[in-house]
Amino acid sequence: MFEKTSSTNDVIEKLAHDGVKEGVVVFAEAQTKGRGRLGRKWISPARKGLWFSVLLRPDLRPQEATQLTVASATALARAIKAETGLSPEIKWPNDILIGGKKVAGILTEMSAELDRVKQIILGIGVDVNLTAAEFPPELRKQATSLRIETGKPVSRPDLAARILSELDRDYARICDGKFEALADEWEAGCATIGREVTIQIGGRRVRGTAEALDEDGALLLRTEHGHLERISGGDVTLEK
Ligand code: BT5
């Protein structure tokens with residue numbers, strides 16, 4: 001537990017380098033360099049959210065690593081629902097939304113050999129008790145917090161404990177090869193499946209209908225040209 005650090009993912013990376021066992025969790029009250037995917041910034045004001053990372057060393061192939069993002073998203077959505085009564089939706093691959101606004105994000109950083117994952121650092125950020133004024137103006141339309149949505153403060157320790165126990169459960173399901181059951185639950189809570197989407201993958205943009213998850217956790221997209229395309233990462237915009 002840190003009062004302030006650059007990014008909890010960086011702290012875990014150092015610990016991993018020193019050989020600590022999987023399952024170690026690092027929380028920070030504030031991050032000065034919280035990050036999202038592709039080096040984007042993740043705002044992490046002091047004592048307002050849960051900003052934490054977990055070290056995992058699953059026995060998976062690199063292409064199966066998306067399973068962990070999917071597992072974390074289902075675990076997060078279940079925990080938020082149980083603690084607040086809200087109904088979060090999952091946006092593939094790594095967002096949790098309430099009423100269409102982002103309330104949590106997941107950053108999965110992997111190091112791997114050719115055919116085996118060496119380690120995965122799972123970074124999770126949940127906007128718990130931020131008020132609207134505590135989000136920068138440019139995020140106010142697209143982000144929200146559990147406090148804004150429920151109208152009252154939410155206990156961070158209770159939510160943290162619940163998230164960790166749900167994560168533990170879903171991680172065990174993956175390690176036991178039961179990803180399929182998880183994928184079904186994920187699809188049921190997912191705002192992306194069945195929707196018209198545009199996905200930005202680096203410089204490329206594809207449009208189509210999100211049909212399903214495949215066995216690795218990748219998204220199967222029926223493109224506007226009728227092909228089924230397998231997408232393993234990118235930024236999804238939900239149309240309509
Ligand atoms: C994510 O990236 O959603 C992954 C966020 C992971 C954060 C955790 S906190 C603990 C651990 N340590 C870290 O340094 N990171 C992890 P992405 O999908 O790229 O979304 C990033 C975008 O979300 C930004 O470009 C902003 O538009 C928006 N954003 C930034 N801060 C936000 C916040 N607190 N709440 C909601 N949206 C935010």
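Remember, it's 1-based here, ligands and their atoms both numbered in the order they're listed. Residue numbers count from 1 along this sequence.
Residue-ligand proximity: Ser44 is placed with every non-hydrogen atom at 4.0 Å or more from ligand 1.
Considering backbone and side-chain N/O of Ile43, one or more are found under 3.5 Å from N/O of ligand 1. Of the polar atoms of Arg37, at least one N or O is found under 3.5 Å from an N or O of ligand 1, judged by distance alone. The shortest N or O to N or O distance between Ser7 and ligand 1 is under 3.5 Å.
Against a heavy-atom cut-off of under 4.0 Å, Lys41 is close to the following atoms of ligand 1: 24 (C), 30 (C), 31 (N). Interface atoms of ligand 1 facing Gln142, defined by a heavy-atom separation under 4.0 Å, are 27 (O). Each of the following atoms of ligand 1 lies closer than 4.0 Å to a heavy atom of Gly34: 14 (O).
Around the CZ atom of Arg57, the shell of radius 6.0 Å holds more than 12 heavy atoms that belong to other residues, nucleotides or ligands. When the shell of 6.0 Å around CD of Glu180 is examined, it contains 12 or fewer heavy atoms from other residues, nucleotides or ligands.
Side-chain contact between Leu146 and Ile80 is present, with at least one heavy-atom pair separated by less than 4.5 Å.
With hydrogens and angles disregarded, no donor-acceptor distance shorter than 3.5 Å links the side chain of Glu185 to the backbone of Glu187.
Using modelled atom types, one finds a donor on one side chain and an acceptor on the other under 3.5 Å when comparing Glu22 with Tyr171.
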